[in-house]
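Working notes, beginning with the structure itself.
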Amino acid sequence: MYDVTSNAYRAKMAQAVAGTGTLPPITTIVVGTGGLDANGNPIVPPGTEAGLYHQVLSKAAPAPTFPTLTTAQFTLTINPADLPANTQINEAGLIASDGTFAEHSTFYSKATDGTTTLTVQVQMQL
């Protein structure tokens, strides 16, 4: 699994630290089906993308937890009614309140089955 903070959000972090900008909070979590290469392995996000490769769901971001001092972890619960059965989720992302694509995670596919909830975690390491 790969978690990459986008260059655009990293630039906002640098400006906020310098006192010349503000850091917009994360407000949206998205999931998609385009995070694997032709061999079925997670793609390493380059950090330059402006969104997921193939977004299929968007929800309000839950409050994060902090498993370490420098990591914010967002956990999304996908309910059976959110996506059709057999949807192969293999990427997730975080979007800030100003629309900046902030974080891109890719991972091996997790399939929805239409009857159980699915949990996806996205970690932003600072």
Side-chain angles (χ1 to χ4, degrees):
M1 181 165 130
Y2 301 101
D3 294 304
V4 176
T5 302
S6 73
N7 292 347
Y9 201 70
R10 289 176 63 212
K12 289 181 184 289
M13 284 190 248
Q15 293 165 4
V17 168
T20 61
T22 59
L23 189 61
I26 300 300
T27 56
T28 306
I29 187 167
V30 292
V31 296
T33 60
L36 302 180
D37 65 18
N39 296 319
N41 296 310
I43 297 167
V44 179
T48 56
E49 60 274 49
L52 297 181
Y53 298 123
H54 187 252
Q55 182 178 316
V56 296
L57 180 65
S58 175
K59 286 190 160 191
T65 58
F66 301 94
T68 66
L69 290 176
T70 58
T71 301
Q73 180 173 288
F74 296 83
T75 302
L76 173 66
T77 300
I78 300 172
N79 299 308
D82 291 336
L83 291 170
N86 299 317
T87 301
Q88 301 289 317
I89 300 299
N90 48 43
E91 64 177 333
L94 299 173
I95 300 172
S97 62
D98 68 349
T100 301
F101 186 66
E103 182 79 15
H104 194 179
S105 296
T106 59
F107 43 87
Y108 289 102
S109 291
K110 297 179 179 188
T112 60
D113 68 6
T115 61
T116 57
T117 58
L118 181 65
T119 301
V120 174
Q121 292 180 333
V122 181
Q123 291 189 353
M124 179 175 280
Q125 297 180 11
L126 307 172

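Values below: all heavy atoms of this structure, side chains included; hydrogens, waters and symmetry mates excluded.
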Spacing of [X] atom [atom1] and [Y] atom [atom2] [to the nearest 0.5 Å]:
X	Y	atom1	atom2	value
N79	L118	CG	CG	10.0 Å
T5	Q123	OG1	CD	10.5 Å
T112	I78	OG1	CD1	8.0 Å
L57	L76	CG	CG	6.5 Å
Q73	F66	CD	CZ	10.5 Å

How would you list, by chain and number, every residue that makes a side-chain hydrogen bond (donor to acceptor under 3.5 Å, both in side chains) with T119, sequence neighbours excluded?
none
What pairs with S6 under side-chain hydrogen bond (donor to acceptor under 3.5 Å, both in side chains), at least two apart in sequence or on another chain?
none
Contacts satisfying ring-ring contact (aromatic ring centres under 6.0 Å, His included) that involve residues 15-49 (not counting sequence neighbours) are none
With sequence neighbours excluded, give me every ring-ring contact (aromatic ring centres under 6.0 Å, His included) pair touching residues 7-43.
none
Side-chain donor-acceptor pairs of residues 95-102 under 3.5 Å, sequence neighbours excluded:
{"unit_1": "D98", "atom_1": "OD1", "unit_2": "T100", "atom_2": "N", "d": "3.0"}
{"unit_1": "D98", "atom_1": "OD1", "unit_2": "T100", "atom_2": "OG1", "d": "2.8"}
{"unit_1": "D98", "atom_1": "OD2", "unit_2": "K12", "atom_2": "NZ", "d": "3.0"}
{"unit_1": "D98", "atom_1": "OD2", "unit_2": "T100", "atom_2": "OG1", "d": "3.2"}

For the student: nearest non-hydrogen atoms of V120 and A92, plus distance:
CG1-CB, 3.8 Å
What closest approach, in Å, do A111 and Q88 show between heavy atoms, and which atom pair accounts for it?
CB-NE2, 3.3 Å
Using side chain to side chain contact (heavy atoms under 4.5 Å, CB included) as the criterion, list what pairs up with [X], not counting sequence neighbours.
X	answer
L126	M13, M124
T68	T70, T71
P46	T48, E49, Y53

Derivation of the side-chain contact (heavy atoms from CB on, under 4.5 Å) call for D82 and K59:
CA-CA 10 Å; D82 291 336; K59 286 190 160 191; 2.7 Å; yes
What donor-acceptor contacts under 3.5 angstrom involve side-chain atoms of residues 28-45, with partners at least two apart or in another chain?
{"unit_1": "T33", "atom_1": "OG1", "unit_2": "H54", "atom_2": "ND1", "d": "2.6"}
{"unit_1": "D37", "atom_1": "OD1", "unit_2": "N39", "atom_2": "N", "d": "2.9"}
{"unit_1": "D37", "atom_1": "OD1", "unit_2": "G40", "atom_2": "N", "d": "3.1"}
{"unit_1": "D37", "atom_1": "OD1", "unit_2": "N41", "atom_2": "N", "d": "2.9"}
{"unit_1": "N41", "atom_1": "OD1", "unit_2": "Y108", "atom_2": "OH", "d": "3.3"}

How does the hydrophobic cluster around V4 look, that is, which other residues are in it when side-chain heavy atoms under 4.5 Å mark a link?
none
With no hydrogens and no angle check, is any side-chain donor or acceptor of D113 less than 3.5 Å from a backbone partner on T115?
yes
Can you hop from L52 to L94 via hydrophobic side chains spaced under 4.5 Å?
no
Can you list the residues that meet the salt bridge (charged side-chain N to carboxylate O under 4.0 Å, His left out) rule with K110, with sequence neighbours excluded?
none
Between side-chain atoms of residues 17-24 and protein atoms elsewhere (two or more places apart, or another chain), which donor-acceptor pairs fall under 3.5 Å?
{"unit_1": "T20", "atom_1": "OG1", "unit_2": "Q15", "atom_2": "O", "d": "3.4"}

